[in-house]
Each structure stands twice: as structure tokens, then as C-alpha cells.
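One structure is given here, and the rest of the page talks about it.
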2 protein chains.
Amino acid sequence: MAKTRSETMQENRVKLIAAARKAFAKKGYSAASMDELTADVGLTRGALYHNFGDKRGLLAAVVDQMDTEMAARAQEIGARADDVWQGLLAEGAAYIEMALDPEVQRIVLLDGPAVLGDPSQWPSQNSCLQVTKTTVERLIAQGILKPVDAEAAARLLSGAALNAALWIAASDNPQSVLPRAVEAFQALAAGLLLKPV
Amino acid sequence: MAKTRSETMQENRVKLIAAARKAFAKKGYSAASMDELTADVGLTRGALYHNFGDKRGLLAAVVDQMDTEMAARAQEIGARADDVWQGLLAEGAAYIEMALDPEVQRIVLLDGPAVLGDPSQWPSQNSCLQVTKTTVERLIAQGILKPVDAEAAARLLSGAALNAALWIAASDNPQSVLPRAVEAFQALAAGLLLKPV
DNA sequence: AACTTGACATACGAGATGTATGCGAGATAT
DNA sequence: ATATCTCGCATACATCTCGTATGTCAAGTT
């Protein structure tokens with residue numbers, strides 16, 4: 001098989017992102033060495049700086065990938081629900097559970113915002129927020145939710161969910177705390193309902 | 001006046017924390033140079049490593065100070081309200097407004113969690129969370145809020161508030177977005193009420 | 001088949017952190 | 001009051017990391 005140049009380049013990008021994802025998750029962004037990271041996949045920093053510009057660029061690529069994965073999963077879970085409202089609750093619970101993954105926490109929730117700034121201004125647009133915002137907009141249009149600002153509601157909901165996850169993960173007994181967090185989250189979300197149950 | 005040794009030591013600690021607060025806010029944690037920082041107050045890194053152990057220790061001291069200030073302010077504002085429930089709403093709005101301060105954002109919301117880990121496991125105990133938790137507990141005891149887990153509710157509320165602030169600050173027109181965020185926050189909080197209004 | 005391009009490797013320079021050692025002014029004891 | 005000791009801070013050093021500038025060789029082009 002003749003490997004074309006752009007093929008190997010694409011492969012290398014994938015390799016580097018995968019290696020970075022591991023390294024950033026394990027050591028944290030600042031402690032992750034670019035020399036080690038690149039050597040692990042048989043390359044050098046030359047490849048890295050050529051493809052991603054700098055260390056931040058690599059993190060941005062990793063975050064973009066993870067954010068996309070998370071948004072897709074949340075959307076899928078939300079779509080399986082009986083109605084849109086149940087879908088929103090399911091989405092929130094899904095975010096909480098996804099954020100229990102140490103990789104997600106370290107990279108997307110902690111280092112991501114610190115290095116790249118607030119998620120709403122990420123280059124990748126933050127797909128997670130978009131998904132939630134769309135769901136909220138639909139519910140407002142259906143007259144199920146109060147006519148609050150959709151973006152504000154989405155931000156607050158995802159902020160609450162992701163913060164809950166950080167708390168759960170840091171607790172001594174995550175499995176016992178998880179249901180309480182989900183319960184509290186659903187209570188909060190119910191505050192957006194036009195007609196409380 | 002004869003300066004006792006522990007006096008000058010205390011003064012130096014105060015100076016270093018003040019300088020660090022400025023430097024961390026302006027450059028961010030990782031880009032802040034400890035050489036510059038200490039030189040600004042007429043000291044060297046020797047003083048720093050003797051007093052705070054390492055760079056992280058200095059950040060922890062700064063975060064502790066800011067967190068304490070924020071908690072005191074939130075508590076004071078909450079206490080001025082007509083009743084405990086209005087106090088909770090006022091606390092939330094206070095957090096959102098305080099988090100608009102770039103210094104608070106950069107240090108407490110972005111670098112703090114990334115470097116020190118989740119706020120709930122900070123050495124300083126995170127006074128902000130304690131204040132909110134206490135308020136929630138009181139409201140539950142009074143039968144005003146649903147009997148959800150107080151810590152979970154506090155975490156979610158403060159998470160929502162602080163995330164809202166990050167979003168507001170990153171927006172083009174913070175002053176127009178602020179009221180929408182506060183409105184959405186209060187709608188969410190109302191979800192915790194036992195008897196919806 | 002010669003030439004050009006560009007993806008990646010190599011080499012270098014500029015800081016930054018943390019530690020180990022040194023010093024000198026306050027604290028202590030006689 | 002003098003001598004000794006303590007310890008808070010300064011100084012010097014070793015190590016590591018990022019980003020850039022330059023080199024190189026295979027893939028693409030004509």
C-alpha cells in the first residue's frame with residue numbers, strides 16, 4: 001500500500017491527539033512533557049509544533065475531540081427519552097455521569113478552562129452547550145419551560161451538572177453520592193418548568 | 001519600633017500574597033514568574049519557598065484569602081434580605097456579580113481548580129460552599145425547600161452561579177447579559193421550593 | 001529523471017522551578 | 001553586656017521545558 005503524504009500526516013495527528021489525551025489525563029496539562037508524549041508514538045516535537053502550533057493547540061484539539069464525543073452521547077441519550085422534557089433531564093444526568101470519567105474531569109473541566117479560557121469561547125464552539133441550548137429552546141417553544149434566556153439556562157444547567165460531577169468524583173463514596181446529585185439536579189431543572197408538577 | 005522577627009515574617013507573608021494575587025490575576029498562574037513576583041516586594045524566592053513551600057502553596061494561600069472574602073460578602077448580603085429564601089437568591093446573585101471580577105475569575109474559578117483540584121477538597125475548605133450549604137440546610141429545616149441533599153444543592157447552585165459568571169464575562173455585552181443570567185438562576189433555584197410560587 | 005515542496009527531525013537559546021548552601025540579624029542564656 | 005544559637009531569607013546550582021530556527025530526505029510535480 002502506498003502511503004500518501006496527507007495520509008501519514010492524518011495518522012500522525014490522530015496518534016498525537018491520542019497520546020496527548022493520555023498524557024494530559026495522567027499528568028495534567030502543565031506537567032505533561034511534550035518530549036515524552038511525542039516519543040511515545042515514535043515522533044518528536046517537530047511533528048507536534050508543525051501540526052498544532054504549540055502546546056495549547058494540542059490541548060485545544062484534544063478538548064475539541066472530547067467535547068464532540070460528549071455532545072454526541074448526550075444528544076443520543078436525550079433523544080431516547082419519552083419526551084423532550086425527560087430528554088433534558090436525561091441529558092443532564094448523562095453529563096454528570098460522563099464527567100465522572102477522570103479523563104473528562106482533568107482535561108475538559110479543569111485544564112481546559114484554565115488554559116483555553118471559558119468554554120463558551122472555545123475554538124471548538126463547545127458542542128455540549130449547543131446541544132443543551134437547542135433542547136431548551138425547543139422546550140420553550142413548546143410552552144413547557146418558562147421563557148427564560150435559552151443560552152443562560154443552558155449554561156447554568158451544564159454548569160451545575162459538571163460541577164456536581166467534580167464534587168461527586170472528589171467525594172469518598174461516589175456511587176452513593178451520585179443519585180443525590182442527580183436528584184438535586186432534576187429538582188433545579190424543574191424550576192424552569194412553566195407549570196410545576 | 002523594634003520589629004520582632006515574627007512580625008516581619010507576617011508582613012512578608014502578607015506582601016507576598018498581595019503580590020501573588022496581582023501577578024496571578026494579570027498573567028495567570030503558570031505564566032507568573034516567581035522571581036518577578038518576589039522582587040516586586042523587595043524579596044527573593046528564598047522567602048517564598050520558606051513560607052509557602054512551593055508555587056502551589058502560594059496559590060493556595062491566595063485562593064484561601066479570596067474565598068474567605070467572598071464568603072463573608074455573600075453571607076452579609078444574604079443576611080440583609082427579608083427572609084432566608086430571599087437571602088439564598090441574593091447570595092446567588094452576589095456570587096454571580098463577584099465572579100465578574102477578573103481577579104476572581106482567573107484565580108478562583110480557572111487556575112484554582114486546575115492547580116489545586118476541585119474546590120470541595122481545597123485546604124481552605126471553601127467557605128463559599130459552606131455558606132450556601134448552611135443557608136440551604138436552614139431552608140430545608142423550615143420546610144421551605146424540598147428535602148434534597150443540602151450539600152448537593154449547594155454545589156449545584158454555586159456551580160451554576162459561577163459558571164454563569166464565566167459566561168457573562170466572556171460575552172460581548174456583560175451588562176445586558178447579567179440580568180438574564182440572574183433571572184435564569186432564580187428560576188432554577190425555585191425548583192428547590194417545596195411549594196412553587 | 002531532475003526539481004521542488006513540505007513534513008518532520010535536530011540543535012539551540014531562554015526561562016522557570018525547586019533544592020542545597022551560606023549569611024547575618026534577632027532571640028536566648030549566662 | 002557579651003557570647004552563642006536560631007532561623008528566616010538570599011544566593012548559587014542543577015534540571016527541565018517550551019518555542020524557534022535550521023537541516024534533511026522522501027513524496028509529489030513536470
Side-chain angles (χ1 to χ4, degrees), chain A residues 1-63 106-107 111-112 114-116, chain B residues 1-63 106-107 111-112 114-116:
Chain A
M1 58 176 259
K3 279 203 187 173
T4 168
R5 207 137 100 143
S6 63
E7 272 174 0
T8 64
M9 203 177 159
Q10 184 60 22
E11 285 173 14
N12 284 342
R13 264 198 280 257
V14 170
K15 279 191 215 167
L16 286 174
I17 291 179
R21 197 162 157 165
K22 271 185 209 159
F24 288 156
K26 185 175 180 184
K27 310 222 177 194
Y29 174 78
S30 76
S33 163
M34 305 310 263
D35 269 325
E36 277 187 23
L37 198 161
T38 50
D40 281 349
V41 292
L43 295 170
T44 69
R45 283 182 320 168
L48 196 159
Y49 283 92
H50 188 76
N51 278 292
F52 299 98
D54 59 1
K55 193 177 180 179
R56 267 187 62 169
L58 181 59
L59 177 64
V62 171
V63 165
R106 179 81 248 176
I107 299 177
D111 286 332
V115 177
L116 305 174
Chain B
M1 60 175 259
K3 279 200 185 172
T4 168
R5 209 138 100 144
S6 64
E7 271 175 1
T8 63
M9 203 179 157
Q10 184 60 23
E11 284 173 16
N12 284 342
R13 263 198 282 256
V14 170
K15 279 192 216 166
L16 287 173
I17 291 179
R21 196 162 157 164
K22 270 185 207 156
F24 288 156
K26 185 176 180 183
K27 312 225 175 187
Y29 174 78
S30 77
S33 162
M34 304 310 261
D35 268 325
E36 279 186 21
L37 199 160
T38 50
D40 282 348
V41 292
L43 294 170
T44 70
R45 282 183 318 164
L48 196 158
Y49 283 92
H50 189 75
N51 278 292
F52 298 98
D54 59 1
K55 194 176 180 179
R56 268 187 61 172
L58 182 58
L59 177 64
V62 170
V63 165
R106 182 80 249 175
I107 299 176
D111 285 333
V115 177
L116 304 175

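Computed from a predicted structure; not experimentally measured. Proteins come first, then strands; the chains are lettered A, B, ... in the order of their sequence lines, and each starts at number 1.
Here A32(B) lies in heavy-atom contact (under 4.0 Å) with sugar-phosphate atoms only.
When the nucleotides dA9(C), dG26(C), dA16(C) are ranked by their closest atom to the side chain of R5(B), dG26(C) comes out on top.
Sorted by first and then second residue, the salt bridge (charged side-chain N to carboxylate O under 4.0 Å, His left out) pairs with a member in residues 31-45 of chain B read K27(B)-E36(B), D35(B)-R45(B); sequence neighbours excluded.
Although no hydrogens or angles enter the test, the distance criterion places no donor-acceptor pair under 3.5 Å between the side chain of R13(A) and the main chain of L48(A). Put simply, the side chain of R21(A) never gets that close to the backbone of V63(A): no donor and acceptor are under 3.5 Å apart.
Chain A approaches DNA chain D within less than 4.0 angstrom (heavy atoms of the protein), and the contacting nucleotides run 5' to 3' from dT17(D) to dG28(D).
Contact check, T8(B) against dG26(C): no side-chain N or O comes under 4.0 Å of OP1 or OP2.
Taking every heavy atom of residues 44-60 of chain A and every atom of DNA chain C, pairs under 4.0 Å involve T44(A), R45(A), G46(A), A47(A), H50(A), N51(A), by number.
Nearest heavy atom pair, residue N51(B) against residue M9(B), reads OD1-CE, 3.5 Å. Of all the heavy atoms in Y49(B) and K55(B), the pair that sits closest is CE2-N, 4.4 Å. For V115(A) against R56(A), the heavy-atom pair with the smallest separation is CG1-CG, 3.5 Å.
Other residues, nucleotides and ligands contribute only 12 or fewer heavy atoms inside 6.0 Å of the NZ atom of K22(A).
For the pair M9(A) and D35(B), both in contact range of DNA chain C, the more 5′-proximal nearest nucleotide belongs to M9(A).
When side chains are defined from C-beta on, F52(A) counts as touching L16(A), because their heavy atoms get closer than 4.5 Å.
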